[in-house]
Amino acid sequence: TPTPTAEPTVAPTAEPTQETAAMGEGEPVQVALVLDGAIDDQGWNQAGYEGLMAIQEQFENVEVAYSESVAIADMERALRDYASQGYDFIILHSSIAKDAAINTATDYPDIMFLWTDGDTTLDNLAVIRPMSHEASYLAGLIAGSLTKSNIIGMVGGIDIPSTHRSYAGFAQGVAEVNPDAQVLVNWIGSFLDVSAGNEAARSQVEAGADVIFGNGDGQNIGVLTACAETETLAIGAVRDQFEVAPAVVLTSVEWGFSAGIARVFGDYLAGDFTGQFYEISLAEGADLAPYHDNADKIPQEVQDLVDQKRQEIIDGTLVIPVVDFAEE
Amino acid sequence: MLEQIFSVTFLTGFLAATLRIMTPILIAALGEMVTERAGILNLGIEGIMIIGAFTGFTGAYFSGSLWIGFLCGGAAGALLGLAMGVLSVRFKANQIVAGLGLWILCQGLASFLNRRIYGLVDVRPSVDLLPAISIPGLSRLPILGETLFSQNVVVYATLLAVPLFVFMFKRTSWGLNIDAVGEQPHAADAAGLDVGRLRYLAVTFGGLMAGLGGAYLALALFGLYTDDLSTGLGWMAIAVVVFGKWRPWWIVGGAFIFGAANALQYRLQAMDFPLPYQFTLMIPYVVTLIIVIAFGRGQKGPSALAAPYERSDF
Amino acid sequence: MANPIGRWLGRDSGDVAERQGMPGWLSTVAIVLLALAIGALLILATGADPVVAYQALVVSAFGSVNGFAETMVKACPLLLAGLGVTIAYRAKFWNIGAEGQIYAGGIVAAAVGIYVTGLPAIIHLPLTVLAGALGGALWGFFPGYLKARLKVNEVITTLMFNYIVILLTSYLVHGPMRDRASGITISPQLQLSAWLPTVIARTRFHAGILLALLMAVVVFWLLHKTVLGFQIRAVGENERAARVAGINVSRTIVWTMVLSGALAGLAGAAEVAGLQHRLVDEFSPGYGFLAIAVALLGNLEPLGVVLASILFAALLNGADAMQRAAAVPVPVIFVIEGLVVVFVAARFLKRRA
Amino acid sequence: MNENAAIISLDGICKKFGPVVANHDVSFDLRVGEIHGLLGENGAGKTTLMNILYGLHQPDSGHIHVGQQPRQIGSPHDAIALGIGMVHQHFMQVPTLSVIDNVILGLPNEREPFLDRPRARERLEQIAATYGLHVDPDALIWQLSVGDRQRVEILKALFRDVRVLILDEPTAVLTPQETEELFKIIRGFVDHGLSVVFITHKLEEAMSITDRVTVLRDGHVVATRPTADTSMAELARLMVGRDVLFRIANGDQRQPAGDTVLQVSDLRVTSDRGTPAVQGVSFQVRAGEIVGIAGVDGNGQTELVQALTGLRRSVNGSIRVGTADVTGASPQHILQQGVGHIPEDFDDALIGEFTLVENLALDVHYAPPFSRRGVLNREQMRRSARELIRRYDVRAPHENVKAKTLSGGNKQKMVIARETSRGPKLLIAAHPTRGLDIGAEEYIRGLMLQLRAEGMAILLVSAKLDEILSLCDRILVMERGRIMGEIPRAEADIEQLGLLMAGIEA
Ligand SMILES: Nc1ncnc2c1ncn2[C@@H]1O[C@H](COP(=O)(O)OP(=O)(O)OP(=O)(O)O)[C@@H](O)[C@H]1O
Ligand SMILES: Nc1ncnc2c1ncn2[C@@H]1O[C@H](COP(=O)(O)OP(=O)(O)OP(=O)(O)O)[C@@H](O)[C@H]1O
Ligand SMILES: [Mg+2]
Ligand SMILES: [Mg+2]
């Protein structure tokens with residue numbers, strides 16, 4: 001079992017409906033998680049780890065294990081290792097280890113695999129696809145409404161489909177409420193580099209940005225501290241990042257991984273698991289984080305607008321397109 | 001785009017960013033300069049900076065005093081420098097391997113301690129940042145005044161230390177002895193100097209500076225610690241030493257150029273510069289490369305650099 | 001001496017390894033054990049069981065056919081890049097750019113493996129591997145040339161070249177070489193005709209490993225039996241004397257780096273054609289840096305490099321297994337790795353580099 | 001302390017390097033105010049013995065007394081504290097630093113840690129005046145001629161208030177004039193109460209300046225004699241273990257010299273310092289003759305040789321070897337024209353970490369029979385090496401030891417063996433007998449004559465006038481980068497050469 005140092009926070013949106021009674025007091029269900037980064041990176045990997053913790057908390061008679069900081073080159077070995085040890089449910093939390101996921105799942109048809117942010121499914125391989133662009137669109141509405149300079153910043157980590165999607169949704173939101181606003185874009189080429197995030201955000205502040213969307217991961221710590229220091233409004237990502245800079249973080253685009261992972265596992269226990277795409281959408285845990293202490297910085301009509309659009313998206317009357325890459 | 005570049009906010013911001021980026025590199029590079037001039041190549045300073053950041057932050061967090069933080073960072077760095085000294089002087093280790101080993105070890109150690117002490121948290125503990133000090137009068141100067149004369153005390157101290165380093169190498173026996181030991185340890189030995197001891201001192205000092213550079217990241221730039229606070233600054237410091245021809249002012253120049261290239265790179269991207277971002281990210285490295293090719297030719301460095309000293313080689 | 005620390009640490013004379021009078025390999029083993037012992041204390045401190053952990057390490061590295069195969073899979077890039085570093089360091093060319101050369105090799109090998117179509121495997125595969133060598137060679141050539149002709153310090157150039165090519169890889173997989181059909185940022189798969197075949201069924205033991213072992217023999221032969229190897233060593237040991245004796249020093253340095261880069265490039269090609277079958281971001285987790293430790297731990301002799309690369313591979317894979325079997329946190333594993341490198345550096349390397 | 005009291009005595013010193021016994025049960029004493037010569041063939045153990053006294057090596061057994069007190073000398077630091085100074089065979093200087101910095105290196109001063117250069121300069125001038133040792137204190141070491149570096153080395157010792165001064169082959173790199181000057185200085189030391197150990201291979205020097213001599217052979221003391229009671233012949237016999245010829249007859253000028261092998265026209269070369277070092281030199285060397293270049297060291301000989309061998313670019317003029325124009329050619333190309341090169345420092349010709357076999361093949365390894373198609377033939381290299389080691393009498397346990405373990409003289413023999421055995425048509429030899437013992441010197445001089453007889457063209461650069469006079473057919477005197485005159489040997493005499501070397505045209 002993993003080191004119990006964590007106090008995992010679990011977004012309470014997904015309902016742990018299924019019970020483990022079926023498995024009774026018999027063999028515990030063994031769940032493993034393989035991560036490409038450290039579990040305390042305050043972003044992507046920590047979210048994945050929280051998913052594992054959510055499983056442990058919400059379901060009885062499960063046994064969990066994880067491998068962190070597994071290099072791409074070692075991904076397949078790590079998966080096979082768990083598979084050969086008889087783990088029942090193996091989660092791969094790394095978007096680019098495609099062949100590792102497919103090869104292992106193919107060789108172990110009796111084991112269920114979950115690949116977060118992947119692009120291919122098999123009978124025993126499901127994929128969680130974060131629909132972060134929807135929440136990002138809502139964040140864009142806020143940013144577009146609040147900017148006075150009409151310059152908004154976006155500091156991204158690496159330009160991959162899920163972050164790009166998020167950026168595109170954000171830009172759409174901005175454009176909708178404020179066609180005059182311009183979005184400055186910095187990709188810093190890393191999901192970890194705190195100082196790069198910090199410097200990029202500062203350069204945007206100097207260029208006039210008065211709201212900055214930190215569209216990333218560990219490096220968002222750098223982005224948000226830069227915003228706190230320059231007293232620039234900020235929006236976090238992946239998890240609720242309010243606490244990083246309480247003075248300026250309006251909200252965060254939560255990707256909903258932990259809820260998503262727990263939900264898929266619930267399906268698995270209930271026997272509903274199929275190799276399908278799980279889209280974690282607004283209704284299912286990917287959402288804007290609460291405004292916390294900064295609600296008063298967002299005018300009521302903006303809050304109302306956000307609520308209205310959220311409902312439209314959930315109802316399906318409003319569809320935010322998925323833009324994986326801008327021009328192709 | 002051009003108007004943007006020549007605007008005052010752009011310039012002040014650009015300069016401030018340059019100073020911010022260059023300071024930790026400069027601190028570490030000045031220390032590494034001393035180490036290398038004594039003949040030891042410490043490739044582990046990236047690791048030492050990480051440890052410096054961690055211990056610096058931890059010291060400040062628990063004591064509530066940034067100065068104790070810096071003290072801790074410096075002390076931990078010095079200790080690791082001394083360890084490198086033991087490896088290279090006492091055990092005549094291959095310095096390249098020892099340095100790489102130290103780097104790996106420090107990364108592990110910092111992240112291990114970080115988890116042990118702070119656990120897996122939702123929100124990183126943080127400390128207040130080192131405040132900027134405006135120098136009365138000067139900081140009111142138009143355009144550059146605000147950037148150059150409202151920095152934190154470490155920036156001032158670092159820049160003021162540069163002439164001290166020059167003085168040390170030109171006018172004191174410390175500098176002379178260090179140079180002799182790095183250039184011709186046999187001759188230094190024959191002149192009655194204790195080669196090993198001088199090398200211990202130099203490499204310990206280099207570690208101290210790297211530790212301070214790391215503490216600077218945690219205490220003056222971010223106010224918190226993460227395992228990825230320094231992504232390659234220590235390596236840049238090593239490059240800057242070579243680039244700066246092992247001479248203090250040149251090293252300042254090298255750090256400045258690297259800092260400026262970085263600062264520019266972020267700004268170009270935000271201006272929608274028509275290059276894939278990976279290429280704008282390359283700018284600092286390409287600039288460094290071009291400048292070394294253009295101006296840094298034929299730099300050999302201390303003759304005995306990275307060579308363990310053995311008397312029996314007579 | 002008024003300095004008690006100095007007295008304790010001893011003065012700059014004598015050779016520790018010699019004083020201890022232990023044969024080299026025995027003391028190497030002893031030192032690895034010592035590092036592991038210190039590691040055991042750390043593991044205890046985290047609350048895990050060191051016995052279980054180390055058992056997992058050994059079993060995973062050598063306890064089964066698959067474990068052995070995986071160890072060799074890991075040893076492959078370390079060995080190839082380590083051989084490259086060996087050649088460079090024999091010429092006293094401080095190449096810390098093996099990492100970049102691995103990437104350069106991977107890029108070119110991937111390009112040939114993906115976009116050259118319609119060839120039978122017997123042509124396509126060698127072509128792909130060769131392309132990798134060529135890519136690495138090119139990435140080694142520049143710093144070699146800059147040093148030989150313009151006296152530009154190689155520590156800077158190789159370091160900068162690392163950053164540049166790693167960013168270039170990222171650009172390629174996100175842009176021109178991205179698999180349009182896929183939703184993630186990786187290149188398409190190599191043509192099957194460009195895959196290094198699997199040698200041991202039901203494992204990932206691929207032909208690149210045999211290539212690496214073959215290269216160790218080739219490098220041994222090169223260094224000790226050929227004119228070029230002789231010249232490389234001569235330039236490394238005493239450049240002036242080499243020049244006086246009529247050896248073309250610049251030419252030798254350029255060739256050194258071409259070969260050094262080519263070997264690291266082969267490592268990249270082997271990773272791409274033997275393992276990933278695609279170009280992916282960060283496909284080398286620092287093999288080029290570890291290769292330096294491997295090469296020097298192997299005392300810059302190919303046979304030594306083979307052993308050192310296997311030792312490191314076993315340790316790296318075993319470390320992963322420790323994490324899984326005994327919940328040893330990854331940072332502790334880094335610490336143990338660092339300790340091994342440091343101890344070995346300290347104790348047994350002779351003055352070759 | 002009375003006149004005959006020993007200020008230093010070494011008792012039963014033994015020192016081994018691996019299998020090599022460098023010193024075996026050596027006892028040696030130095031009396032107050034004496035100049036004690038230490039003689040022996042190359043590798044006899046002279047340097048080792050003195051390094052032990054200076055704290056650079058620790059003896060395996062034996063005792064050291066300084067001023068009747070038993071002492072442990074753990075490092076040069078200890079030796080200096082005891083008033084012992086040493087001028088090393090290889091200069092112990094930091095080339096990038098100035099003379100003054102080298103002199104004060106390691107010395108405490110009152111204003112520590114600040115350097116007090118003005119005071120040091122004062123004292124340096126004082127010493128310079130007392131002993132007549134003048135060097136520019138601000139010059140960087142690498143810019144100095146060997147003679148000046150020698151003086152710096154002595155100044156360093158004097159600056160440290162030594163009572164005992166060890167001079168390890170101080171005259172090896174000096175011209176006769178410089179040597180004379182040095183002798184005056186050394187006599188001055190004794191007058192000031194110093195005691196001196198003087199290591200040399202030159203018996204005349206030993207005879208003229210020492211009070212007593214000790215002879216070492218194979219690490220053993222063979223004899224200690226008052227100089228007055230011995231002769232050069234006896235010393236030579238003690239050193240070598242057989243009788244030695246002192247004058248090698250040049251032999252008759254048999255057939256007239258043959259075709260021109262080396263033709264140098266109006267050559268101009270710049271030194272490292274950027275100053276003109278060779279200023280329009282023209283001369284030729286024909287097959288079957290030895291042409292000597294005499295001159296005080298530092299007058300452009302080094303740069304001339306480097307230009308001729310392709311190691312340094314010339315700024316003007318041309319160089320032809322045989323029919324080939326080799327101006328600006330690479331060393332490789334020039335050597336391939338049939339040129340052998342003995343550089344002035346054997347460290348520039350040998351690779352310490354390489355075995356003797358490898359070193360002896362360094363310039364021929366790329367061609368058959370030592371290699372074919374880029375692959376070495378190790379067996380052939382080994383066979384050839386054994387033969388050369390035997391023929392040139394290189395003293396080494398076997399052919400697979402590293403070159404760095406050889407004594408200076410044997411290293412030099414290695415270089416000569418390699419460069420002459422290839423059968424070049426032109427041999428450029430810079431100070432080929434520098435640092436060699438008399439046996440080796442005799443051998444090498446004889447060899448040069450033999451090579452000449454075989455039709456080789458030889459350019460000999462030497463600071464030893466007796467060597468020039470006894471070997472050369474024609475003598476060129478170089479002074480400040482110019483050739484001051486050419487003298488056929490038959491007409492040459494030492495006085496005239498001396499004048500030319502001093503820049504006074506005859
Ligand atoms: N004088 C020399 N000293 C050392 N190595 C040499 C020398 N001459 C040639 N070599 C080496 O021997 C090998 C073959 O040399 P050679 O000059 O015969 O080659 P080549 O076929 O003419 O090719 P190239 O024109 O490129 O020199 C090369 O590796 C070269 O570097
Ligand atoms: N550091 C060393 N390692 C191994 N052998 C050595 C070392 N130093 C000296 N020797 C060996 O010890 C012996 C004595 O050498 P030493 O230098 O004392 O001779 P020397 O009398 O000074 O000769 P020369 O006249 O050539 O200077 C030689 O055989 C030499 O090869
Ligand atoms: Mg000697
Ligand atoms: Mg040729």
Side-chain angles (χ1 to χ4, degrees), chain C residues 1-3 6-7 9-15 18-19 21 89-92 148-149 217-256 259 299-301 349-353, chain D residues 18 55-58 74-75 77-78 305-306 309-312 329-337 339-354 357-367 370-378 381 402-404 415 418-419 422 428 430:
Chain C
M1 243 191 339
N3 168 15
R7 190 167 322 138
L9 294 169
R11 298 171 61 97
D12 237 352
S13 64
D15 186 311
E18 268 166 30
R19 251 186 271 140
Y89 282 29
R90 274 303 185 91
K92 293 240 159 56
R149 285 292 140 86
V217 178
V218 170
V219 171
F220 176 84
W221 176 80
L222 175 89
L223 282 176
H224 296 287
K225 308 283 178 196
T226 69
V227 169
L228 182 60
F230 187 87
Q231 297 183 341
I232 288 173
R233 290 186 294 121
V235 167
E237 295 293 356
N238 187 342
E239 189 185 316
R240 273 189 72 87
R243 198 186 299 276
V244 165
I247 292 172
N248 187 337
V249 173
S250 314
R251 197 183 109 135
T252 306
I253 289 178
V254 172
W255 271 112
T256 298
L259 292 176
N299 209 15
L300 301 184
E301 278 295 347
L349 295 173
K350 291 293 154 70
R351 287 126 247 156
R352 180 153 285 148
Chain D
L56 282 169
H57 291 316
Q58 297 307 307
S75 73
H77 190 85
D78 299 346
V305 168
Q306 288 176 343
T309 50
L311 294 168
R312 182 181 288 273
S330 67
Q332 175 180 356
H333 184 75
I334 291 176
L335 296 198
Q336 276 170 348
Q337 302 307 309
V339 177
H341 174 206
I342 300 166
E344 60 180 42
D345 184 351
F346 48 68
D347 282 341
D348 286 348
L350 293 181
I351 296 181
E353 292 290 328
F354 271 24
V357 174
E358 289 172 317
N359 270 296
L360 285 169
L362 204 56
D363 61 342
V364 289
H365 67 278
Y366 58 88
F370 301 103
S371 67
R372 260 175 239 286
R373 293 177 202 283
V375 181
L376 298 173
N377 182 341
R378 288 244 163 212
M381 283 165 63
K402 289 185 175 172
K404 69 171 184 187
V415 180
R418 185 178 79 203
E419 294 298 318
R422 198 157 26 99
I428 299 174

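Bear in mind that the values here come from a model prediction, so they are computed numbers and not experimental data. Each chain gets a letter, A, B and so on, in the order the sequences are listed, and its residues count up from 1.
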Which distance, rounded to the nearest 0.5 Å, do you find between the NZ of C:Lys92 and the CD of C:Glu237?
->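 Atom-to-atom, C:Lys92:NZ and C:Glu237:CD are 4.5 Å apart.
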
Measure distances from D:Asp347 to the heavy atoms of chain C and classify the residue's part below 4.5 Å as side chain, backbone, both or neither.
->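 It is the backbone, since no side chain atom gets that close.
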
Let me know if D:Leu311 has heavy atoms under 4.5 Å from chain C in its side chain, its backbone, both or neither.
->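 Side chain of D:Leu311 only, per the 4.5 Å heavy-atom cut-off to chain C.
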
Not counting sequence neighbours, which residues clear side-chain hydrogen bond (donor to acceptor under 3.5 Å, both in side chains) with D:Arg418? List them please.
->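 Partners of D:Arg418 by the side-chain hydrogen bond (donor to acceptor under 3.5 Å, both in side chains) criterion come out as none, since no residue qualifies.
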
Set of side-chain hydrogen bond (donor to acceptor under 3.5 Å, both in side chains) partners for C:Arg240, sequence neighbours left out |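 Here the qualifying residues are D:Asp348.
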
Residue among C:Glu239, C:Arg243, C:Lys225, C:His224 with most heavy-atom pairs under 4.5 Å to chain D =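 Heavy-atom pairs under 4.5 Å are most numerous for C:Lys225.
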
When only pairs under 4.5 Å are counted, which of D:Ser371, D:Ser330, D:Gly310, D:Ala349 shares the most heavy-atom pairs with chain C?
->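 The residue among D:Ser371, D:Ser330, D:Gly310, D:Ala349 with the greatest pair count is D:Ala349.
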
Electrostatic pair C:Arg233-D:Glu358, nearest N-O below 4.0 angstrom =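 Salt bridge present between C:Arg233 and D:Glu358.
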
